[in-house]
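A short write-up of the structure that comes next.
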Protein chains: 2
Amino acid sequence: MSDLVTRLRRHNWRITPQRRVIAETLEGSHVHFTAEQVLERACERMPELSRATVYNTLNEMVALGEVIELSLEGRSKRYDPNADHDHHHLICEGCGLMKDVHAVADPVEWLPGDERHGFTITRASITYRGLCPDCQAAA
Amino acid sequence: MSDLVTRLRRHNWRITPQRRVIAETLEGSHVHFTAEQVLERACERMPELSRATVYNTLNEMVALGEVIELSLEGRSKRYDPNADHDHHHLICEGCGLMKDVHAVADPVEWLPGDERHGFTITRASITYRGLCPDCQAAA
DNA sequence: TCTCAGTTTAGACATAGTCTAAGTTAGGAT
DNA sequence: ATCCTAACTTAGACTATGTCTAAACTGAGA
């Protein structure tokens, strides 16, 4: 069983066949899919699945805090089933490949008080950009 | 004269009236506007300015490296006329207010070699999230 | 003045995402 | 078991954001 499904069930969230397929699609890859990519892959297992259900379900999983929504590149959002807020993202500027990474310091501590403009800061995420090994070889 | 216009001129880029209005609109605020907001404000000074010109011009300024494109929140990109890549962003989760901030360390150094997956890393940006003073008071 | 590359324009088109109204499903009450 | 109800799903219309195209315009140099 998908770990994401387990986490979702803890919220007393009804696990319908559609939601299960969507959760398992999200979790079954190292890549972070867009909603359209989730729809496409989930439809291989459940062809009658509708676009609206995919969008609704992804938004609900984000609202429950079990999936992170990423607006990093291009026009569409991507969904990360790893809800651990301490990880960051590494993006290849050549091909768009995205990896989860962990940094050794908490960025919140590196923002001086006089740069906080009176905000209370709850979290921080880092986006690293560069070239993946394949794109370096191609260059 | 707008500093952004000065920087753009150095690229031998023709500064037309339309481009000047767009650049000055971008730079004349502490807020980072969406393309539609730039269009709306620029049209107050030049009503016949077209949507296509705003989008083209913003994309060209990004390509020249003099404006940074931000895909952080919501559906639309925002444009930051401060091309200094060492600054980061602080976003209020209540009202969407966005501020430029500077951290005291370079986040690239916080990513250990074994978390780099063979990438060459060229830059890193941090997105801080929290509540601005007004939204704290309202809560 | 003429020419031509670069620029601007209106509007068609494309893509991403949301909403609505109707139909379906599942679980509790009877 | 059957009914009732709320939650869920669906197709497709709709909205928002951004890109493209073809034609018109502009201005610097021949």
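As a basis for the values below, the full set of heavy atoms in this structure was taken, side chains included, without hydrogen atoms, waters or symmetry mates. We name chains A, B, ... by the order of the sequence lines, and we start the count at 1 in each one.
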Whole-Å distance between dT9(C) C1' and N56(B) CG?
-> 10 Å
Sugar-phosphate, base or nothing in reach of S76(A), heavy atoms under 4.0 Å = sugar-phosphate
Could you state the atom-to-atom distance from CZ of R51(A) to P of dG12(D) in whole Å?
-> 11 Å
Would you say a side-chain N or O of T34(B) is under 4.0 Å from OP1 or OP2 of dT17(D)?
-> no
Ranking Y79(A) and V54(B) by the position along DNA chain C of their nearest nucleotide, the one closer to 5' is V54(B)
CH2 (W13(A)) with more than 12 external heavy atoms under 6.0 Å = yes
Could you check which of dT8(C), dA10(C), dT9(D) has an atom nearest any side-chain atom of A52(B)?
-> dA10(C)
Expected output: side-chain R129(A) to main-chain T122(B) donor-acceptor under 3.5 Å | no
May I have the list of side-chain donor-acceptor pairs in residues 100-109 of chain A shorter than 3.5 Å, sequence neighbours left out?
residue, atom, partner, partner atom, Å
D100(A), OD1, H32(A), NE2, 2.6
D100(A), OD1, H89(A), NE2, 3.2
D100(A), OD2, H87(A), NE2, 3.4
D106(A), OD1, V108(A), N, 3.0

Any donor-acceptor N/O pair, R19(A) side chain to R14(A) backbone, under 3.5 Å | yes
For T53(A), report the nucleic acid contact type (base, sugar-phosphate, nothing); a contact means any heavy atom under 4.0 Å.
-> base
Ranking E36(B) and E48(A) by the position along DNA chain D of their nearest nucleotide, the one closer to 5' is E48(A)
Please report how far the helix from dT1(C)-dA30(D) to dT30(C)-dA1(D) bends, comparing the axis fitted to its first five pairs with the axis fitted to its last five, to the nearest 10 degrees.
-> 10°
Can you tell me the distance, in whole Å, between the CD atom of Q37(B) and the C1' atom of dT17(D)?
-> 13 Å
Nearest-Å distance, CG (L58(B)) to P (dG18(D))?
-> 10 Å
Main-chain N/O of L131(A) paired with Q136(A) side-chain donor or acceptor, under 3.5 Å | yes
Output yes when at least one side-chain N/O atom of N59(A) is less than 4.0 Å from OP1 or OP2 of dT18(C), else no.
-> yes
Side-chain touch R78(A)/F33(A), heavy atoms, less than 4.5 angstrom = no
Examine dT9(D): is either OP1 or OP2 under 4.0 Å from a nitrogen or oxygen in the side chain of R19(A)? Give yes or no.
-> yes
For W13(B) and dG27(D), what is the distance between atoms CH2 and P respectively, to the nearest whole Å?
-> 16 Å
Atom CD of E60(B) and atom P of dG18(D): how far apart are they, to the nearest Å?
-> 16 Å
For the pair R9(A) (side chain) and I15(A) (backbone), establish whether a donor and an acceptor sit closer than 3.5 Å, ignoring hydrogens and angles.
-> no
Under 4.0 Å between a side-chain N or O of Q18(B) and OP1 or OP2 of dT9(C)?
-> yes
Measure from CG on L39(B) to P on dT19(D) and round the result to the nearest Å.
-> 14 Å
Mark yes or no for whether Q37(B), through its side chain, and T34(B), through its backbone, hold a donor-acceptor pair below 3.5 Å.
-> yes
Toward the 5' end of DNA chain D, by each residue's nearest nucleotide, R14(B) or K77(B) = K77(B)
Residue-phosphate contact under 4.0 Å: R75(B) side-chain N/O, dG18(D) OP1/OP2 | no
Can you tell me the distance, in whole Å, between the CE atom of M61(B) and the P atom of dT7(C)?
-> 14 Å
N/O (side chain, Y55(A)) to phosphate O (OP1/OP2, dT18(C)) under 4.0 Å = no
